[in-house]
2 protein chains.
Amino acid sequence: MQARNTRQKQIVDKVMGKATRPLTVHEILAGGKKFLPSLGLATVYRELNRLVETGEIQTVTIPGDPPRYEIAKQHHHHFKCTKCDNVYELEGCLKEITKLVPKGFKAESHDITLYGLCRACA
Amino acid sequence: MQARNTRQKQIVDKVMGKATRPLTVHEILAGGKKFLPSLGLATVYRELNRLVETGEIQTVTIPGDPPRYEIAKQHHHHFKCTKCDNVYELEGCLKEITKLVPKGFKAESHDITLYGLCRACA
DNA sequence: GTGCATGCAAAGGGTTTGCACGCGC
DNA sequence: GCGCGTGCAAACCCTTTGCATGCAC
């Protein structure tokens with residue numbers, strides 16, 4: 001069952017690729033409908049899940065928010081503006097995070113989310 | 001509309017207070033039913049939402065997991081074991097986190113979640 | 001022509017809400 | 001007795017799934 005490169009999939013990829021910040025499912029659907037009005041929600045979900053499984057995109061989960069999706073890239077973290085609700089990508093990471101790991105525990109990965117005001121809202 | 005201190009509410013508080021780790025809604029309901037079998041899911045949700053609003057408890061959100069709840073306490077973070085799926089509380093925090101904030105942004109708070117193996121599973 | 005991908009609609013899981021009953025005051 | 005809190009069931013929202021159609025090859 002080799003994947004077919006249909007118009008729908010190309011459009012989901014295209015919308016994702018253009019994004020400068022993580023997008024919600026509905027933003028992706030709305031963006032895709034501009035190119036193919038018949039695009040369905042189920043197809044967007046199916047394509048997103050496929051892309052997550054193959055590791056091409058990543059899910060960004062912010063408590064209280066719907067999931068967002070972004071092109072997979074180097075390890076990084078996120079900043080959620082509490083005023084405009086946009087989510088931004090942050091560069092860098094903290095090696096000091098190992099200090100939090102209790103004795104006997106073995107950390108493999110981590111997520112960091114910052115909250116506050118973005119440049120435009122501050 | 002001053003709140004009444006009903007049996008149901010006392011039981012939700014009691015279950016939360018006994019917990020040594022964040023609990024899911026269904027764990028709280030199951031725990032409460034041991035004391036009051038007629039306890040309903042809607043009441044648990046209503047009481048939890050009230051306690052979150054008053055700041056008495058906090059929601060712990062782990063991507064891909066149902067929300068958990070814990071008694072509000074000093075600032076801390078969480079560790080999710082990828083094998084047994086339990087969530088543990090971590091002590092301490094990282095002042096270095098300010099290094100991640102971009103210029104012009106104003107950070108107010110943050111969440112850190114570690115993933116890996118707990119002591120029992122490592 | 002064959003078969004997978006799509007769109008629709010229904011199903012599913014988790015959470016909230018409307019309503020009538022009954023307990024707490 | 002009055003009114004809020006409760007339990008039930010329905011409603012909601014988000015996501016997944018079943019199925020018939022139709023496009024890609």
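Excluded from the calculations below are hydrogen atoms, water molecules and symmetry mates; all remaining heavy atoms, backbone and side chain alike, are included. Reminder, nothing fancy here: chain letters follow the sequence lines and each chain counts from 1. No experiment lies behind these values; they were computed from the predicted model shown.
If you measure from atom CD1 of B/I62 to atom P of C/dG14, you get 17 Å, rounded to the nearest angstrom. A straight line from CG of A/L29 to P of C/dT6 spans 13 Å, rounded to a whole angstrom. Rounded to an integer number of Å, the gap from CD of A/Q10 to P of C/dT6 is 11 Å. Computed from coordinates, the B/E47 CD to C/dT16 P distance equals 14 Å when rounded to whole Å. Distance A/I11 CD1 to C/dG7 P: 9 Å, rounded to the nearest Å. A/E53 places its CD atom 10 Å from the P atom of D/dT16, with the value rounded to the nearest Å. The nearest whole Å value for the distance from the CG atom in B/L36 to the P atom in C/dG24 is 11 Å. Here C/dC23 presents its P atom at 16 Å from CG of B/L39, a figure rounded to the nearest Å.
Nearest nucleotide to the side chain of B/K9, out of C/dT6, C/dG7, D/dG5: D/dG5. Of the candidates C/dG7, D/dG22, C/dC23, D/dG22 carries the atom nearest the A/R4 side chain, counting heavy atoms from C-beta on. When distances are taken from the side chain of A/S38 to each of D/dC8, D/dT6, C/dG7, the shortest belongs to C/dG7.
Here A/L41 lies in heavy-atom contact (under 4.0 Å) with a base. Note on A/P66: nothing from the nucleic acid sits closer than 4.0 angstrom, heavy atoms only. A/R46 comes within 4.0 angstrom of a nucleotide base, judged by non-hydrogen atoms across all strands.
Between the side chain of B/E89 and the main chain of B/H77, no donor-acceptor pair closer than 3.5 Å is present.
The pair B/R21-B/E27 meets the salt-bridge criterion, with a side-chain N (NZ, NE, NH1 or NH2) lying under 4.0 Å from an Asp/Glu carboxylate O. By the 4.0 Å N-to-carboxylate-O rule, B/R50 lies close enough to B/E47 to be salt-bridged with it. Salt-bridge formation is not detected for the pair A/K73/A/E91: no Lys NZ or Arg NE/NH1/NH2 atom is positioned less than 4.0 Å from an Asp or Glu carboxylate oxygen.
Taking 4.0 angstrom as the limit, A/N49 places a side-chain polar atom (N or O) nearer than this to OP1 or OP2 of D/dT16. Considering only side-chain N and O atoms, B/T6 lies nowhere under 4.0 angstrom from the phosphate OP1 or OP2 of C/dG24. Dashed line: the shortest gap from a side-chain N or O of A/Q8 to OP1 or OP2 of C/dG7 is under 4.0 Å.
Comparing B/R7 and B/P67, the nucleotide of DNA chain C nearest to each residue sits closer to the 5' end for B/P67.
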Task: side-chain hydrogen bond (donor to acceptor under 3.5 Å, both in side chains) evaluation trace for A/Q58 with A/H76 - done: CA-CA 11 Å; A/Q58 294 171 334; A/H76 65 285; 4.8 Å; no
